[in-house]
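Below is one structure, written out as structure tokens; the observations come after it.
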Amino acid sequence: MIPIIPKSQMSEEDIKLQYITPAITSKWNIHKITMEMQITDGKINLKGNFVFREKPKRADYVLHLNTNNPIAIIEAKDNKHSISYGLQQAMTYAIMLDLPFAYSSNGDGFAEHDFLTGKERQFGLDGFPTEEELIARYKSESGLTSAQEQVLQQPYYSDQNTYSPRYYQRIAINRAVDAIARGQNRLLLVMATGTGKTYTAFQIVYRMLQSGMKQKILYLADRNILVDQSIQQDFAPLEKVTHKINVAKDDKTTITSHQVYFSLYQQLVGDDDQDHFSELFSPDFFDLIIVDECHRGSAKEESRWRRILDYFQSATQIGMTATPKETKYISNLTYFGDPIYTYSLKEGIEDGFLAPFKVINVMTDIGEGWRPRKGQLDINGIEIPDRVYTNSDYDYNIVIEDRIQQVAKEITRYLKSTDRMAKTIVFCATEDAAERMRQALINLNSDMVKEHPDYVVRITGSDVYGKSKLDYFISVSAKYPVIATTSKLLSTGADCKMTKLIVLDEMIGSMTEFKQIIGRGTRLREKDGKTHFVVMDFRNVARLFADPDWDGPIEIDPSFTPGGTKPQRGPGDDPVDPPVPPIDPKQKPIVGKDGCKVEIIRKTVSVYDVNGKLLRQESIVDYTKENIRGEYASLDNFIRQWTAEEKKEKIRELFLDRGIDLEAMKADQHMSDVDDFDFICHVAFDKKPLTRRERANNVKKRDFLSKYSGVACEVLEALLDKYMNTGIYDLEKTEILKLDPFLKLGKPSKIAGYFGGKAGYIKAVQELEKAIYEEEVV
């Protein structure tokens, strides 16, 4: 008989199998036990060369009241540890999952922490509470009412096209329905952009309808795109009971037949300032109102939002936002109360549900100041007011044409070096600036625009054509438009899932707006190739990451006074429209390209942690050096891998994938005549570079070509000249034989015949490459 392994020598998995699992399954329905439940997806890290996921957090055991409601977590350890050794970890997960009970076990017994009483205890394996006992304790200790229990039993909506809620969505949904069941009439949910606020709202609505607790529901937003996205996507399962309000067409005698209503607040309170909602609905018609993106003004005393909410004051009202607004005159917290749940951007990134980012800060030589010459005229012959202009003036108070050109060039250079089909939003100072940027980007990307006219589109509030392309821009499946220039329209609400590049070329003084803009890139689409995004900053706006308010705690401004007089816009308010320039736009000076030459003087790559703390900041050259050394470790290792790589272009593509454009860097350092091989060796390993001409001449000095004769020698000589002019990558492509000067020698198959066939030709090219990279002749 095979001896049994002593408990002290068993692995954690054996302890679970032989002791902990039987102890639990003897007391609980097996269908209410989940083992190895994944809680998070695992944070995505951007470290030097690599983008990788950490391991997701998993719970050893989770016990459920029902499908919607987990009640306890159990953390297992091997028998080398004490019974309570895993309790702190279990408690951490329980707090994260909003559970009332946490347990740990080593196979000898269980340790329990009861969050409802604050007490702990230990007991033997056979003492684990039964399903009935634990549920009874939960009901008793939490003071669960019959109304709460009724809602608690309602399932989430589920079908093959609807995913199960993530842990934080489940908490938000459960807390909301629980608060409503307890009679709370003002609720605030704070959830970072990209974490599924609308999906959460849908599940709340579904459970309310199923329980019969709410029957008439109004979903309010301030933009058509928010309403349409909600109806077509998350709320699609309720299409039979859904209605989008149209004041001009709706008949008040039949409009009351629906259950879930969607509306723009502009529909309910028109431009004529009339309360159209009172013509259609009685004050007690709706029993639940959800206000999407409520940071955009729903708590302003004199706003149209507030008039609607005040009219339907008997309804339960839920505010949903990623960025609660707290200023002297606006307070979401004062109106809705403290958030019943908050899931922040940094939590989303830490859990791996949101995309991390890096920031490229680009500084021009006029960023800190430019002053016109005495009597200098703009392109219209008007004298430019004599003062020092800075980043806060460009495009607001003065237009510098060459600055626009340089910004557009930098954006284009980055896209060409990474992915020209990467969805890009360029935030500009004004709608006019967005149009100028559109034109500059079109001219710099004319090859793409020639094939696809909508490659670059301006999408702003007044641009009818641009707004008609918004759905295509935010679509995952539609390729075009690729680049959208905008002012404020895309700063909030628009669900831009595939945005990989956010360009900041406007001044931002509001943390609320800054968070909303950053939120345009935070959605993850790994299957579609999006694991992170890049912020390119031309106005030093990224300094806001260092602000204590960056994703920090929310505090009510003590100076807030409900019912105060309507304020003038302050620097901390959330501007919906472009800032009004102090200079008449018709008289705004426009400085031609010869009136002010602009240069990019510095670029830095910054990586921040989830708290907005700067982890690393380095120049593009330093960033490249770190990437090369991280990939190849030593010069010898790089040379070996370069030599062994049949297609050298793969190495170039490796760096392009990491945002490193070797060709652009060589141009910046006046080294365009240097081979990529030499440039890499020079940047990363301080090796003196040779030009391509020098390498080609060295091949000739070694008399390499004498090994071949006739047409074969002529072909290799032409290939060497091609290398000298354009680099190594063209040599590796057989398509080069279809170009001059090879055309005169015949078709590619005929040329290959001079080398004994295709294999012989490829071997000869490889030998030529080897000769190019041999040590230089003295």
Side-chain angles (χ1 to χ4, degrees), residues 39-46 51 53 56 162-173 189-203 221 223 225-226 229-230 232-235 292-296 319-324 339 341-359 422-425 427 470-471 473-476 484 486 489-502 504 511-535 545 550-551 608-612:
I39 301 172
T40 70
D41 279 0
K43 179 183 176 183
I44 292 179
N45 272 303
L46 305 178
V51 177
R53 271 197 186 273
T162 304
Y163 63 87
S164 299
R166 293 170 175 166
Y167 83 88
Y168 63 85
Q169 293 168 336
R170 177 188 57 76
I171 296 172
I173 297 162
L189 285 171
V190 178
M191 298 173 67
T193 301
T195 56
K197 288 191 297 296
T198 311
Y199 170 83
T200 300
F202 160 71
Q203 291 287 7
R223 294 187 181 184
I225 184 173
L226 299 179
Q229 280 178 176
S230 301
Q232 296 163 11
Q233 297 175 17
D234 291 308
F235 278 81
D292 192 19
E293 302 290 355
C294 67
H295 68 277
R296 295 187 60 79
M320 304 192 77
T321 181
T323 49
Y341 184 62
T342 297
Y343 188 72
S344 67
L345 173 63
K346 64 184 178 184
E347 288 174 304
I349 294 175
E350 191 71 44
D351 288 342
F353 297 127
L354 295 180
F357 56 91
K358 61 183 176 182
V359 180
K423 295 279 186 173
T424 300
I425 307 177
F427 288 98
L470 180 55
D471 285 345
F473 179 72
I474 66 178
S475 169
V476 175
T486 189
L489 186 61
L490 293 177
S491 65
T492 185
D495 190 7
C496 309
K497 293 183 177 70
M498 284 302 292
T499 302
K500 293 184 178 180
L501 177 63
I502 292 174
L504 302 176
M511 182 59 75
T512 299
E513 186 184 11
F514 181 61
K515 289 181 182 179
Q516 287 288 335
I517 287 175
I518 296 301
R520 297 312 99 206
T522 55
R523 287 164 176 81
L524 266 175
R525 301 286 298 192
E526 284 184 276
K527 291 181 180 178
D528 299 304
K530 182 187 173 185
T531 57
H532 62 286
F533 67 102
V534 170
V535 178
F545 284 121
W550 169 252
D551 225 34
Y608 298 86
D609 70 8
V610 292
N611 295 305

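Counting from 1, the numbers follow the sequence of the chain as shown.
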Does the side chain of [X] reach to within under 4.5 Å of the side chain of [Y], using non-hydrogen atoms?
X    : Y    : answer
P165 : Y199 : yes
P56  : D41  : no
L524 : F353 : no

Interatomic spacing from [atom1] in [X] to [atom2] in [Y] - rounded to 0.5 Å:
X    : Y    : atom1 : atom2 : result
E350 : I44  : CD    : CD1   : 12.0 Å
K497 : S475 : NZ    : OG    : 8.5 Å
R520 : K423 : CZ    : NZ    : 15.0 Å

Using atom types as modelled and distance alone, determine if a side-chain donor or acceptor of [X] lies under 3.5 Å from a backbone N or O of [Y].
X    : Y    : value
R523 : A355 : no
R53  : G42  : yes
T522 : T193 : yes
T424 : A422 : yes
T200 : G196 : yes
Q169 : T195 : yes

Contacts of type salt bridge (charged side-chain N to carboxylate O under 4.0 Å, His left out), residue D528, not counting sequence neighbours: R525
Non-neighbouring partners of K500 that pass salt bridge (charged side-chain N to carboxylate O under 4.0 Å, His left out), sequence neighbours left out: D419
Any residue meeting side-chain hydrogen bond (donor to acceptor under 3.5 Å, both in side chains) with Q232, in chain and number order, not counting sequence neighbours: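 Scan of Q232 (side-chain hydrogen bond (donor to acceptor under 3.5 Å, both in side chains), adjacent residues dropped) gives none.
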Partner residues of Y167 under the side-chain hydrogen bond (donor to acceptor under 3.5 Å, both in side chains) criterion, sequence neighbours left out: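 Per chain and number, Y167 pairs via side-chain hydrogen bond (donor to acceptor under 3.5 Å, both in side chains) with D351.
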What pair of heavy atoms forms the shortest contact from [X] to [Y], and how long is it?
X    : Y    : answer
S344 : E347 : N-OE1, 2.8 Å
S230 : T198 : OG-CG2, 3.4 Å
G521 : F533 : O-CD2, 3.0 Å

Ring pair (Phe, Tyr, Trp, His ring centres under 6.0 Å) involving Y341 - partner list, sequence neighbours excluded: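 Y341 satisfies ring pair (Phe, Tyr, Trp, His ring centres under 6.0 Å) with no other residue.
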Partners meeting ring pair (Phe, Tyr, Trp, His ring centres under 6.0 Å) with Y343 (sequence neighbours left out):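 Partners of Y343 under the ring pair (Phe, Tyr, Trp, His ring centres under 6.0 Å) test: Y168.
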Working for side chain to side chain contact (heavy atoms under 4.5 Å, CB included), residues F427 and I425: CA-CA 6 Å; F427 288 98; I425 307 177; 3.5 Å; yes
Non-neighbouring partners of A201 that pass side-chain contact (heavy atoms from CB on, under 4.5 Å), sequence neighbours left out: Y219, F235, I290, M320
Criterion side-chain contact (heavy atoms from CB on, under 4.5 Å) against F357, the qualifying member of I349, I502, V534: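 Between F357 and the candidates, side-chain contact (heavy atoms from CB on, under 4.5 Å) is satisfied uniquely by I349.
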